[in-house]
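Working notes, structure below.
Just so it is clear: chains get the letters A, B, ... in the order the sequence lines come, proteins before strands, and each one is counted from 1. Heavy-atom basis, side chains included; hydrogens, waters and symmetry copies ignored.
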There are 2 protein chains.
Amino acid sequence: MTPPPPGRRRSTVHDVARAAGVSRGTVSRVLNGGYVSEHAREAIQTAIREVGYVPNNAARTLVRQRTQAVGFIVHEPHSLFLEDPNIGGILLGANTALSKADYQMVCLVIDTDRDTERVARYLSGGFVDGAVIVSARHHDPITDVVERLGLPVAYVGHPPGIRRPWVGIDNLGAARAITARVRASGRRRIGMIAAALDRDSGSDRLAGFRDALGEDFDESLVEPVPLYAFADGEAGMRRLLERAPDIDAVFGASDAVAAGAVQALRAAGRRVPDDVGVVGFDDSAWAVRTDPPLTTVDQPAEGLGAAAAETVLLQLSGGVADAGGILLDAPIVWRASV
Amino acid sequence: MTPPPPGRRRSTVHDVARAAGVSRGTVSRVLNGGYVSEHAREAIQTAIREVGYVPNNAARTLVRQRTQAVGFIVHEPHSLFLEDPNIGGILLGANTALSKADYQMVCLVIDTDRDTERVARYLSGGFVDGAVIVSARHHDPITDVVERLGLPVAYVGHPPGIRRPWVGIDNLGAARAITARVRASGRRRIGMIAAALDRDSGSDRLAGFRDALGEDFDESLVEPVPLYAFADGEAGMRRLLERAPDIDAVFGASDAVAAGAVQALRAAGRRVPDDVGVVGFDDSAWAVRTDPPLTTVDQPAEGLGAAAAETVLLQLSGGVADAGGILLDAPIVWRASV
DNA sequence: TTGAAAGCGTTACCAG
DNA sequence: CTGGTAACGCTTTCAA
């Protein structure tokens, strides 16, 4: 076992073959499984150790046309990787699933335009057999490359306009469940600050809210706002308070919106949760930064990662993944805000 | 621009050459820069679009013997990726540095033994030109593989026994600085719970403490404990209190130790920070979970990542990186505990 | 400035 | 069961 002096050429199948006194074909067969005599096998295994042989994946990839690696692409502005607790969970879930199938997960993070370019090149270069993509946008370079290559893929979340397999949570069911719990706690005048109604996540959350309230649903207690943002939540809450001063609970379409609502309520002199209960959605960092912390809906991060990975693996093994999407259950996290 | 019907073979340099009526060499030259007539260049660029050509990196890697990719290896028990805020910062810092040099960072997370094996294979397969390794251990399979291949590498942190380049923080300087600040706040009987004196991080932190106190250093106020652990902090604080009931501040060698000390102080009826001030080290999750939150030393995560990446890049460009290690400054985070 | 040809390290096929 | 040979897709001499 002489490790090759650094700087010298790495040894190849050819070297092993020569050292063992066989042909390269035979060496390849012991490496990849196949009929090889016990005698030859032993000689080759010794030779491998002798010359310090390590297979070259680039060469293997070239001939086999696959890498046994799957990309995990995080396409988020810089800060998010640090802040969003979900993203780590998704990553871990995907890694676990891929690992079980003996695939290597390679995580590529996109932070600048330059990164976007490079990752697109990496993807098209055949370094991965498929990809899990977190928070893509329609017609960004990554999505386009993936589309053009026909790369097996699964999106986490449902970027509008993309007709490829994705996994997400059951926004409607979760919204219904959290609304029902608020109601069960005795609140009667429950409003909603409904954000992003132009996306299915937004409209589904509103639909769930309406569903849970049934007969008692009151259109006038719904305040639509454009974005899942703190400022929108604050403004929406102010309008809602003017229109319905007797409101005793509010469902923010996201934690950021709910946090904005808490702020507006406090400014108006209402106590949370004593006067008005507040719930959010996402279980993001906002949820624990507010005072009191928000009751909210937890996104099952590891489950999403695992489901996405499995969707890619399914395609890799020749299966057809449903472009319709997979929905996961999202449990409620009960905190002090209601 | 006809995207190849899915399922059909991807087009190659050969196809481009034929479509443009030139040789493959010429195509390669426009791809990689070199003397090509304007006429040929245009014809080739048109042809590339025409046949939907995308270069194959595996082939390129095979001939060039490099991938233009650097691995970022996180070798931690499952949970840590989710919990440790530093790790995301290190990752981002490394990505930024590599991106500038036009290298692709591929992040590999190791979670199980199976992962370890696979990543070792991935590394030795020539999929990356170098690696940044976070929290390695001596003689784990990754370290061994890296060693054997002579792969350009930089460790974040200083795994004992490893003689390769690494980056870390200036434990001595930071300990000196935080001790000085505690002293400047008017405390006079300052103790230290010194952990892990068998590692250089541990002994450096003690050395910094001693340095800052100078003449006033009092050996009897130092309580050595084996590990950077909560339980050790608690036990150490109890012993310190017995020996020196008039103590008015204590420096825990890590946040976990400091958190244990807070616990012991509270159990002994001392108020923090009114009776006894407490500071820690790391700015880990412990620091904000205690009540009051800990003043501590922040590890400059992004800086560490960037420095590690640059160390790898230096080696990649033929330079020699100092195996002695690079030390970064670690600023103090002032919170309520002192 | 260009074309031809020789690899890069592997696997896969085909006789033997 | 084994050895030879032909790819895999690209870059890089070397002549022309």
Phosphate OP1/OP2 of D/dG9: any B/Thr12 side-chain N/O under 4.0 Å =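 The answer is no; no side-chain N or O of B/Thr12 sits under 4.0 Å from OP1 or OP2.
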May I ask you to verify if any side-chain N or O of A/Ser23 is less than 4.0 angstrom from the OP1 or OP2 atom of D/dG4?
->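 So the side chain of A/Ser23 is outside the cut-off, no N or O lying under 4.0 Å from OP1 or OP2 of D/dG4.
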Rounded to whole angstroms, how far apart are [atom1] on [X] and [atom2] on [N]?
| X | N | atom1 | atom2 | result |
| --- | --- | --- | --- | --- |
| A/Arg24 | C/dG9 | CZ | C1' | 8 Å |
| A/Arg18 | D/dT2 | CZ | C1' | 19 Å |
| A/Glu38 | D/dT2 | CD | C1' | 16 Å |
| B/Leu62 | C/dG7 | CG | C1' | 9 Å |
| B/Asn57 | D/dG9 | CG | C1' | 11 Å |
| A/Arg60 | C/dC8 | CZ | C1' | 16 Å |
| A/His39 | D/dC1 | NE2 | P | 14 Å |
| B/Arg64 | D/dT13 | CZ | C1' | 15 Å |

Would you mind telling me which of C/dT11, C/dA4, C/dG9 lies closest to the side-chain atoms of A/Asn56?
-> C/dG9
Closest to the B/Val63 side chain, choosing from D/dC10, C/dT10, C/dG3 =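 Closest of the options to the side chain of B/Val63: D/dC10.
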Within the 4.0 Å heavy-atom criterion, would you say [X] contacts the bases, only the backbone, or no part of the nucleic acid?
| X | value |
| --- | --- |
| A/Asn32 | sugar-phosphate |
| A/Ala58 | nothing |
| B/Ser37 | sugar-phosphate |

Nearest-nucleotide wise, let me know which of B/Gly21 and A/Val27 is further upstream toward the 5' end of DNA chain C.
->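 Here B/Gly21 is the residue nearer the 5' end.
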Between B/Tyr35 and B/Gln65, which has a closest nucleotide on DNA chain C that is more 5'?
->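 Per heavy-atom nearest nucleotide, the more 5' residue is B/Tyr35.
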Tell me whether [X] contacts the main-chain N or O of [Y] through its side chain, where contact means a donor paired with an acceptor under 3.5 Å.
| X | Y | answer |
| --- | --- | --- |
| B/Asp15 | B/Thr12 | yes |
| B/Asn56 | B/Ala59 | yes |
| A/Asp129 | A/Val70 | no |

Give me the one residue out of A/Asp115, A/Val128, A/Leu123 that meets side-chain contact (heavy atoms from CB on, under 4.5 Å) with A/Leu108.
->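 Option passing the side-chain contact (heavy atoms from CB on, under 4.5 Å) with A/Leu108: A/Leu123.
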By nearest nucleotide on DNA chain D, pick out whichever of B/Ala59 and B/Arg29 is the more 5' one.
-> B/Ala59
Residues B/Arg118, B/Asp113: salt bridge by 4.0 Å N-O rule = no
